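Reviewing the structure listed below.
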Amino acid sequence: MALPQLPQLVFHETGMNDSKIIVALDYSSAQQALEFAQKVSPEQCRLKIGKELFTSAGPALVESLAGQGYDIFLDLKFHDIPNTVMKAAAVAAKLGVWMLNVHAVGGSAMMQAAREGIEVVSRRPFLIAVTVLTSMSERDLQAIGIETPLPQLVSSLCASALESGLDGVVCSARETGLLREQISETALLVTPGIRPDWAANDDQKRIVTPRQAIIDGASYLVIGRPITQHSDPAEALQLISDTIRDLV
Ligand code: C5P
């Protein structure tokens, strides 16, 4: 089956900001997320809502934060049969999210279906793929019958995502440089595992500074605790933005 044409580059800079920083709202309740949103502004950052917060707070929170002007990355990593993913992606697009994601291991037909699903709105969200979860080691992969070396698997899943019409992939900070060499400069690399010099590592093991990640080719940085746990989140955002201002 012929692959669909690669997407036109669509600029979803939805007007309020061109920030490279996506704050991970790893909270368990809508109240915590809404309190955080009061402390910063849509000009300073975009917001990521993942499985815990979405399961707790649901679409109402997405609509509320989007209604305040925030660009929302809905990090639900869809992985199911193509028809189910297409419908879920369409609902997410109608919610007004700015970015959503799927698992590349769901296969090309599933990724193409997701791509079709988001066309339901006139200004579609970005659609990106998770390649291999960074929690998986080569040994873990072998245990489920995957013998391909990890870097090769990440590269081929990334290529498959782009061929399926997706806008880019989530990748660890340490993979960013290598992947950027393999893909076009317009493809998105969305990178967690970021720590400014002044922040604690928390449970992140292989970290990169915001500046280094942008130099390596990251399009957007996913940063959680250095901002959400800071006594002054707006100041933390400002400090981080200042370190990359001359690069973006
Ligand atoms: O607080 P911290 O900056 O470590 O948060 C990073 C965010 O990025 C969390 O939401 C985490 O689940 C997510 N993430 C990650 N590493 C990956 C993929 C996602 O840290 N490989």
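Remember, it's 1-based here, ligands and their atoms both numbered in the order they're listed. Computed from a prediction, not measured in an experiment: that's the story for all the values here. When a residue number appears, it is its place in the shown sequence, counting from 1.
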Option set V23, T134, N201, criterion heavy-atom distance to atom 21 (N) of ligand 1, minimum: T134
Heavy-atom contact under 4.0 Å between K48 and ligand 1? yes
If you measure only the distance, is there a donor-acceptor pair under 3.5 Å linking the side chains of E138 and Q142? no
Of all the atoms in ligand 1, which lie at a distance below 4.0 Å from a heavy atom belonging to A24? 7 (C), 10 (O)
When you check the gap from the basic side-chain N to the acidic O, do K87 and D80 get nearer than 4.0 Å? no
Identify each donor-acceptor pair in which a side-chain atom of residues 240-248 lies under 3.5 Å from a protein atom, sequence neighbours left out, and give them as a table.
unit_1, atom_1, unit_2, atom_2, d
S241, OG, L237, O, 2.8
D242, OD1, Q238, NE2, 3.1
D242, OD1, R245, NH2, 2.7
T243, OG1, I240, O, 2.7
D246, OD1, R211, NH1, 2.8
D246, OD2, R211, NH2, 3.2

Would G224 count as being in polar contact with ligand 1, using the rule that some N or O on each side must be under 3.5 angstrom apart? yes
So the atoms of ligand 1 within less than 4.0 Å of a heavy atom of V222 turn out to be 7 (C), 8 (O)
Any chance the side chains of Q212 and T209 put a donor and an acceptor closer than 3.5 Å? no
For atom 6 (C) of ligand 1, what's the nearest protein heavy atom and its distance? Q204 NE2, 3.8 Å
Can you check whether D202 has an N/O within less than 3.5 Å of an N/O in ligand 1? no
Which atoms of ligand 1 sit under 4.0 Å from any heavy atom of R225? 1 (O), 2 (P), 3 (O), 4 (O)
Regarding E43 and S41, do their side chains bring together a donor and an acceptor under 3.5 Å, going by distance alone? yes
The closest protein heavy-atom partner of atom 10 (O) of ligand 1 is D26 OD2, 2.8 Å
Residues in side chain to side chain contact (heavy atoms under 4.5 Å, CB included) with A218, at least two apart? T176, T191, A213, L221
Can S164 and S108 be counted as having a side-chain donor-acceptor contact under 3.5 angstrom? yes
Among protein heavy atoms, which sits nearest to atom 16 (N) of ligand 1, and what does the distance come to when rounded to 0.1 Å? P192 CG, 3.6 Å
Does even one non-hydrogen atom of V170 get within less than 4.0 Å of ligand 1? no
Quick check: does R195 get an N/O under 3.5 Å from an N/O on ligand 1? yes
For the residue pair F126 and W98, is the inter-centroid distance of their aromatic rings smaller than 6.0 Å? yes
